Amino acid sequence: MTSTDVTEEAEGSEPGGYAAARLRLLTEGARSGPPRRRALAELTDDWLAGLFGAGTGGQAGVSLVAVGGYGRGELSPRSDLDLLLLHDGRDDKAVAALADRLWYPVWDLGLDLDHSVRTPQQARKTAGEDLKVHLGLLDARHLAGDLGLTASLRTSVLADWRNQAPKRLPELRDLCAERAERQGELQFLLEPDLKEARGGLRDATALRAVAASWLADAPREGLAEARRRLLDVRDALHLATGRATDRLALQEQDQVAAELGLLDADALLRQVYEAARVISYAGDVTWREVGRVLRARSVRPRLRAMMNGGKPVAERSPLAEGVVEQDGEVVLARTARPERDPVLPLRAAAAAAQAGLPLSLHAVRRMAATARPLPTPWPAEAREQLVTLLGSGRPTVQVWEALEAEGLVTRLLPDWERVRCRPQRNAVHLWTVDRHLIETAVRAAGFTRRVHRPDLLLVAALLHDIGKGWPGDHSVAGETIARDVATRIGFDRADAAVLATLVRHHLLLVETATRRDLDDPATVRAVAEAVGTEHTLELLHALTEADALATGPAAWSSWRGSLVADLVKRVAGLLAGDPPAEPAAAAPTAEQERLAVEAFRTGGPVLALRAQTEPPADSAPAPPSADGSEPLGVELLIAVPDQAGVLPAVAGVLAMHRLTVRTAELRSLPLPDGVDGSVLLLDWRVAAQYGSLPQAARLRADLVRALDGTLDIAGRLAERDAAHPRRRGVEPPPPRVTVAPAASRLATVIEVRAQDAPGLLFRLGRALEAAGVRVRSAHVSTLGANAVDAFYVTRGEGVPLPREDAASVARELEESLRA
């Protein structure tokens, strides 16, 4: 069916005919994208023109005008209709009647309508008072009636826009910045708003408005294609949901991807991110040019006339060989020859980042078009300039984005293509893979004084997740890539080996510190064997912190920092020749002994809460919170006569009181003075999910009831979940329980990976009790929605489980979590 056929079926301005033709158009499988949007706009134009003609009765001095997105002909399946009924003010009553004949049929079809009735003078006055109205009128398109009236308004509105540009454009820039602050950056969001987020359709429209002012223009290359891609995604989203929505929610992404013929939701997000990046970069360049032009215009005419016969003299300050600063940007010197100087792109980028200035668009494009590729291996200067760029801190980001926008990054580092705009479907991560790598380098730049080889730290930060573009374990794939890249950019074999080790083990310290028993010599020896040298350990420590800080606020804390610092200290001692001592039964402190005696005397649990707001004195300093300290949690000491069911009872009570468990250690404590019997001592670190901590008396009372069976913890947690059902979202991956091989000689280590949820530790505790094993200690780690818990378990006599028994326990735990 052609557009003409569809239009003919809608003739006569009958709503039913239009609705049927519209439905057929939207369900045609052969037509999508710009052709469908144009056909839908043409169909709607003809229908509205018919309504207008039937309602005017030959009335003159009135016209129907499409504005905003409809004025641009960008009608998505559920777009609203932006309409202006323009009149000359001679017959208000007749115009009001005409408006009713137009608006009601639109509403009757269930279409969203943004409408207004104004004279040209009123329209101009409203536009002068409301920037959004003015932007909509810039796209005014005549539909029906008095063409001269519409043309006159268009001419006047455009003239007003150009005359008022020095005032209007800063206002528009602030509006865009405020929206970006509120909605975030489209190129990084897992559930982005295609219209409102930075780099979305609103920003693309703003760039059209800037171009219409004749004051500045956006880089045109790729901009129209980026806008088309976002519109195509919005079309598919409207069809998938049946709603007028711009938010690409997680649960709709697979369906939208299928509608567009894409492989999966990740391919969809990557296309969205690439389009958003083009629009965002064009916006940066355009608003910078607007600022430059407005600054130049603010110079008094008399002052301009004094300089060079009326033309301002542009100052050019040298920054590096072939690189100068001019008018707040880094440009190429007149003597620069990119075609003869392959290091120039890196030299210019490093100079710009060091000066905290943007690279000019013209300079980047000229280098991209003419610069020769670097030889392999790179000359020493190229490697040094890369390190300088990476070590410049926050300014590195905008300079790197400029290089990437013109393809220079993938030319320098071909492996970058696989991680470019790659989404990370983990709420812990704030950024795409490529931006996370740059953010890690930015963080690492602050740690260069802590290490003996800052160049290796910065390059490792850039490459640590480079393997995420390949199948399998990204650390394993990244090790090979990092070694190859290091050799290509000119590091010697020894340095390349260090970089490969850093990439291979960039998660080792934080995973070991939060999931393993640091008092177990096997833990320390395993890390020492993986790292090899004290210098590599030093680099890995800094890389670990930079990586976590660049991931997001959930990935690093004073608590994690103190655990990692403790592990690093122990491993450094071993590498220096001080082997770790075999753990001996620690003598109870006076407080622990007092609690144990009291528990035995009363026959019930006794507990104490003790806050800790500073890391241990021998640990590395942690980032402070707003009040100067970051709570590491509260130490919870519990003594209870040795009996079954203690772990699930304690975990369940803590879950009821909304306390998060960070670490959990359990051990049997003999009673003093030859008293027959033993007491279980639990030394846990807990933190309130929100609000203040409960009183110790309340915790004890609930724990007593949990141990004697009168408190139905499972029922209470289920009631709370039912009262506050979770939002529907993406189905999480199934839980996985494994036995960590050779992790300890003293116990069997069972590792649990599952979706974090209130009461998870309670369910695990019940399953471990049912399996008949004894939990020596638990190491709890939560990253966003993912819990990774490690349990050191033994048989009743305190020895590790045989391999078959350990595998059986792991299976039972996994089945209990799947139930």
Side-chain angles (χ1 to χ4, degrees), residues 472-476 479 501 504-532 540 544 560 563-564 566-568 570-571 574 580 582-583 647 651 661-667 684-685 733-756 760-761 763-765 767-783 786-818:
D473 187 332
H474 76 279
S475 298
V476 175
E479 177 183 15
T501 299
R504 174 67 180 86
H505 296 297
H506 69 272
L507 297 174
L508 176 66
L509 294 182
V510 71
E511 288 185 347
T512 303
T514 57
R515 303 175 192 174
R516 295 291 181 265
D517 184 357
L518 302 190
D519 289 325
D520 191 329
T523 299
V524 179
R525 288 196 183 98
V527 174
E529 289 172 4
V531 173
L540 188 60
T544 298
R560 290 181 189 276
L563 291 178
V564 169
D566 185 18
L567 173 61
V568 168
R570 294 169 188 250
V571 174
L574 178 59
E582 293 292 329
L647 174 60
V661 178
R662 286 179 166 170
T663 61
E665 183 179 335
L666 302 85
R667 62 187 171 111
W684 289 20
R685 182 79 57 193
R736 186 164 179 256
V737 182
T738 57
V739 179
S744 172
R745 291 191 304 103
L746 308 175
T748 297
V749 180
I750 295 180
E751 193 165 87
V752 179
R753 298 170 184 263
Q755 185 81 355
D756 189 34
L760 175 63
L761 189 57
R763 294 172 61 193
L764 290 169
L768 288 167
E769 289 281 346
V773 298
R774 194 177 189 89
V775 179
R776 176 171 161 248
S777 66
H779 302 267
V780 180
S781 177
T782 304
L783 287 174
N786 298 299
V788 183
D789 301 341
F791 298 91
Y792 282 66
V793 301
T794 64
R795 304 172 95 176
E797 59 271 26
V799 297
L801 278 61
R803 179 180 301 176
E804 296 78 8
D805 291 355
S808 176
V809 170
R811 283 195 301 272
E812 291 176 23
L813 256 66
E814 190 168 293
E815 290 170 3
S816 72
L817 293 176
R818 291 175 184 266

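Because the structure is a prediction, the values reported are computed rather than measured.
Salt bridge annotation for Glu769-Arg774: absent, with no cationic side-chain nitrogen under 4.0 angstrom from a carboxylate oxygen. A salt bridge links Arg818 with Glu814; the closest basic N to acidic carboxylate O contact falls under 4.0 Å. Contact check on Arg753 versus Asp789 returns no salt bridge, with no Lys/Arg side-chain nitrogen under 4.0 Å from an Asp/Glu carboxylate oxygen.
Ser808 places no side-chain N or O within donor-acceptor distance of the main-chain N or O of Glu804, the cut-off being under 3.5 Å. No donor-acceptor distance shorter than 3.5 angstrom exists from the side chain of Ser816 to the backbone of Ala767, with no hydrogens or angles considered. Put simply, the side chain of Thr748 gets close to the backbone of Leu801: a donor and an acceptor are under 3.5 Å apart.
Looking at Phe791 and Val749, their side chains never come closer than 4.5 Å, going by heavy atoms from C-beta outward. Under the 4.5 Å side-chain criterion, counting only non-hydrogen atoms from C-beta, Leu764 is in contact with Leu813. Proximity of Glu751 to Glu511: side-chain heavy atoms (C-beta onward) are nowhere separated by under 4.5 Å. Side-chain atoms of Arg570 and Asp566, non-hydrogen and from C-beta on, do get closer than 4.5 Å to each other. When side chains are defined from C-beta on, Arg795 counts as touching Pro802, because their heavy atoms get closer than 4.5 Å. Between Glu815 and Val737 the shortest side-chain heavy-atom distance does not fall below 4.5 Å. Taking 4.5 Å as the limit, every side-chain heavy atom of Glu479 sits out of range of all side-chain heavy atoms of His506. A heavy-atom distance below 4.5 Å is not found between the side chains of Ile750 and Thr738.
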Test side-chain contact (heavy atoms from CB on, under 4.5 Å) on Leu518 and Val524; report intermediate values, then the result. CA-CA 7 Å; Leu518 302 190; Val524 179; 5.8 Å; no

Decide side-chain contact (heavy atoms from CB on, under 4.5 Å) for His505 and Val531; before the verdict, give the C-alpha distance in whole Å, the side-chain angles of both, and the deciding distance to 0.1 Å. CA-CA 8 Å; His505 296 297; Val531 173; 5.7 Å; no

Please step through side-chain contact (heavy atoms from CB on, under 4.5 Å) for the pair Val752 and Leu817, ending with a clear verdict. CA-CA 10 Å; Val752 179; Leu817 293 176; 3.7 Å; yes

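Val793 approaches Ala747 most closely through the heavy-atom pair O-CB, 3.5 Å. Pairing each heavy atom of Ala530 with each of Leu508, the nearest pair is CB-CD2, 3.7 Å. The two atoms that bring Asp473 and Ser475 nearest to each other are OD1-N, 2.8 Å, heavy atoms only. Scanning both residues, Val739 and Ala807, for their nearest heavy atoms gives CG2-N, 4.2 Å. The nearest pair of heavy atoms linking Thr514 to Val510 is OG1-O, 2.7 Å. Minimum interatomic distance between Ala513 and Leu567 (heavy atoms only, all atoms of both residues): N-CD2, 3.9 Å.
Distance NE2/His779 to OG1/Thr523: 7.5 Å, rounded to 0.5 Å. For the atom pair OG1 (Thr544) and CG (Leu507), the distance works out to 8.0 Å, reported to the nearest 0.5 Å.
Considering Asp517, Thr794, Asp520 as possible partners of Arg776, the one that fulfils the side chain to side chain donor-acceptor pair (under 3.5 Å) test is Asp517.
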